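Everything on this sheet refers to the single structure shown next.
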Amino acid sequence: MIKTYLKNKLPREFYKKDVLTIAKNILGKLLVKIDKENQIVCKIVEVEAYDGIDDEASHSFKGMTNRNKVMFGRAGFLYVYFTYGIHFCANVVTGEEGTGAAVLLRALEPIIGWDVLAMNRYKRKVISEKDKIGLTNGPGKICQALDINRKDNGIDLTEDNIFIANVKNENISVCQSTRIGIKKSVDLPWRFYIKHNPYVSKK
DNA sequence: ATTCCGATTGCCT
DNA sequence: GGCAATCGGAATG
């Protein structure tokens with residue numbers, strides 16, 4: 001089971017492409033986290049692209065700082081930042097080194113590891129359908145559910161215990177829209193999501 | 001040193 | 001729909 005995911009782990013080359021291409025292509029693939037106690041597998045169903053060139057909403061727009069330096073590093077690493085004094089958000093670094101482009105993970109659909117996700121989010125196991133959806137239907141919720149935080153900023157998605165696995169026969173209809181929760185570059189249509197998926201945020 | 005404010009969430013009306 | 005919570009990075013003095 002886990003062997004299969006490991007075998008299908010996306011290689012560095014996948015992440016070196018253009019951020020918009022990767023944002024589209026990453027939908028339907030599996031975010032996997034494996035450690036001694038737990039195995040978590042979730043389908044990626046909603047993402048947004050951020051690119052420091054023309055994108056004023058991107059953390060990388062004004063150049064490299066101590067906070068955003070991972071974004072300017074090699075593709076295939078995880079950029080995790082703290083926001084609103086409460087939440088973490090996770091991004092996949094893309095493109096050539098120095099580009100400052102990344103894909104924000106906005107929503108996941110749990111496949112394996114429901115109890116761990118629920119304990120991390122609610123301190124109890126899931127009971128209702130509403131609880132299930134609330135598990136991973138937002139960028140901050142994802143990080144809480146998978147216990148992704150400061151310690152994971154800068155981890156390598158091709159080497160460490162969090163990675164993305166390819167899936168065969170992806171039968172997905174990808175939708176596109178403007179991004180959520182930003183005040184700059186609001187018209188760039190750089191949000192991508194899987195149609196009719198209950199974990200995707202409404203807009 | 002101080003101020004501003006955010007790639008969010010959850011609770012309240 | 002509105003809005004408070006709560007922290008730290010970045011800008012400004």
Side-chain angles (χ1 to χ4, degrees), chain A residues 15 18-20 22-24 26-27 31 42 44-73 75 77-95 99-110 117-124 126-155 157 162 164 175-194 198-203:
Chain A
Y15 299 103
D18 167 74
V19 67
L20 293 177
I22 294 170
K24 278 175 266 191
I26 211 170
L27 289 172
L31 182 64
C42 300
I44 299 169
V45 298
E46 180 187 356
V47 299
E48 285 175 358
Y50 287 86
D51 185 345
I53 308 299
D54 298 313
D55 181 5
E56 292 187 74
S58 175
H59 288 178
S60 59
F61 184 71
K62 290 178 179 170
M64 186 158 54
T65 66
N66 192 54
R67 181 203 200 193
N68 67 18
K69 60 188 175 192
V70 173
M71 256 187 108
F72 288 92
F77 282 69
L78 198 68
Y79 168 47
V80 180
Y81 67 86
F82 184 61
T83 192
Y84 291 104
I86 309 175
H87 306 291
F88 291 95
C89 292
N91 303 255
V92 175
V93 178
T94 68
T99 316
V103 175
L104 169 70
L105 302 176
R106 286 198 58 92
L108 308 174
E109 176 185 330
L117 298 169
M119 288 304 289
N120 288 340
R121 283 272 298 134
Y122 307 127
K123 304 296 172 207
R124 58 178 169 77
V126 162
I127 301 168
S128 68
E129 284 302 310
K130 198 180 166 191
D131 284 345
K132 279 191 183 181
I133 301 302
L135 230 35
T136 49
N137 65 344
K141 296 176 185 180
I142 289 174
C143 288
Q144 190 183 12
L146 302 220
D147 189 33
I148 291 171
N149 48 57
R150 240 178 277 286
K151 76 183 184 314
D152 301 297
N153 186 37
I155 68 162
L157 294 170
I162 301 176
I164 300 173
C175 302
Q176 184 169 6
S177 80
T178 54
R179 297 171 296 180
I180 293 175
I182 53 171
K183 293 203 171 81
K184 301 168 190 167
S185 298
V186 292
D187 293 327
L188 293 175
W190 287 2
R191 171 174 174 256
F192 301 91
Y193 58 97
I194 294 178
Y199 290 88
V200 173
S201 42
K202 297 183 174 61
K203 190 155 181 237

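Naming convention: chains lettered A, B, ... in sequence-line order (proteins, then strands); numbering from 1 in each chain. Note that this is a predicted model, so its numbers are computed, not measured.
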Within the supplied structure, the quantity of interest is the number of heavy atoms (other residues, nucleotides, ligands) at a distance under 6.0 Å from K130(A) NZ; does it exceed 12?
no
Any side-chain N or O of [X] less than 4.0 Å from the OP1 or OP2 oxygen of [N]?
| X | N | answer |
| --- | --- | --- |
| K62(A) | dG9(C) | no |
| R121(A) | dT9(B) | no |
| T83(A) | dG6(B) | no |

Whole angstrom value for the distance that separates [atom2] of [N] from [atom1] of [X]:
| X | N | atom1 | atom2 | result |
| --- | --- | --- | --- | --- |
| F82(A) | dC5(B) | CZ | P | 19 Å |
| Y122(A) | dG10(B) | OH | C1' | 11 Å |
| Y79(A) | dG9(C) | OH | P | 10 Å |
| I86(A) | dA5(C) | CD1 | C1' | 5 Å |
| E46(A) | dT8(B) | CD | P | 10 Å |
| L135(A) | dG10(B) | CG | P | 11 Å |
| N91(A) | dT8(B) | CG | P | 11 Å |
| E56(A) | dA11(C) | CD | P | 14 Å |

Taking the minimum atom-to-atom distance to the side chain of [X], which one of [options] wins?
| X | options | value |
| --- | --- | --- |
| R67(A) | dC7(C), dA10(C), dT9(B) | dA10(C) |
| M71(A) | dG9(C), dA7(B), dT9(B) | dA7(B) |
| R106(A) | dA7(B), dG8(C), dA10(C) | dA7(B) |
| I182(A) | dG8(C), dA7(B), dT9(B) | dA7(B) |

Nearest-Å distance once atom C1' is located in both dC5(B) and dC3(C)
15 Å
In Å and rounded to the nearest 0.5 Å, what is the CD to OG distance from E48(A) to S177(A)?
7.5 Å
Would the Y79(A) and Y81(A) ring centres measure less than 6.0 Å apart?
yes
Cation-pi geometry met for R179(A) and Y50(A) (6.0 Å, 45°):
yes
Are the ring of Y81(A) and the base ring of dA7(B) both nearer than 5.5 Å at their centres and tilted by less than 30°?
no
Heavy-atom nearest nucleotide on DNA chain C taken for H87(A) and for R150(A); more 5' hit belongs to H87(A)
Once the angle between the rings of F82(A) and F88(A) is folded into 0 to 90°, is it parallel (under 30°), tilted (30 to 60°) or perpendicular (over 60°)?
tilted
Taking N and O atoms by type only, does the side chain of Y84(A) place a donor or acceptor under 3.5 Å from a partner on the base of dA5(C)?
no
Toward the 5' end of DNA chain B, by each residue's nearest nucleotide, I142(A) or K184(A)
K184(A)
Taking any strand in view, what nucleotide pairs with dG9(C) in a Watson-Crick or G-U wobble way, both distances under 3.5 Å?
dC4(B)
Does any nucleotide pair with dC3(C) by Watson-Crick or G-U wobble geometry, both distances under 3.5 Å, and what is it?
dG10(B)
Counting any heavy atom closer than 4.0 Å, what does R179(A) reach on the DNA or RNA strands: base, sugar-phosphate only, or nothing?
nothing
Any salt bridge linking R121(A) with D131(A)? Criterion: basic side-chain nitrogen under 4.0 Å from a carboxylate oxygen.
no
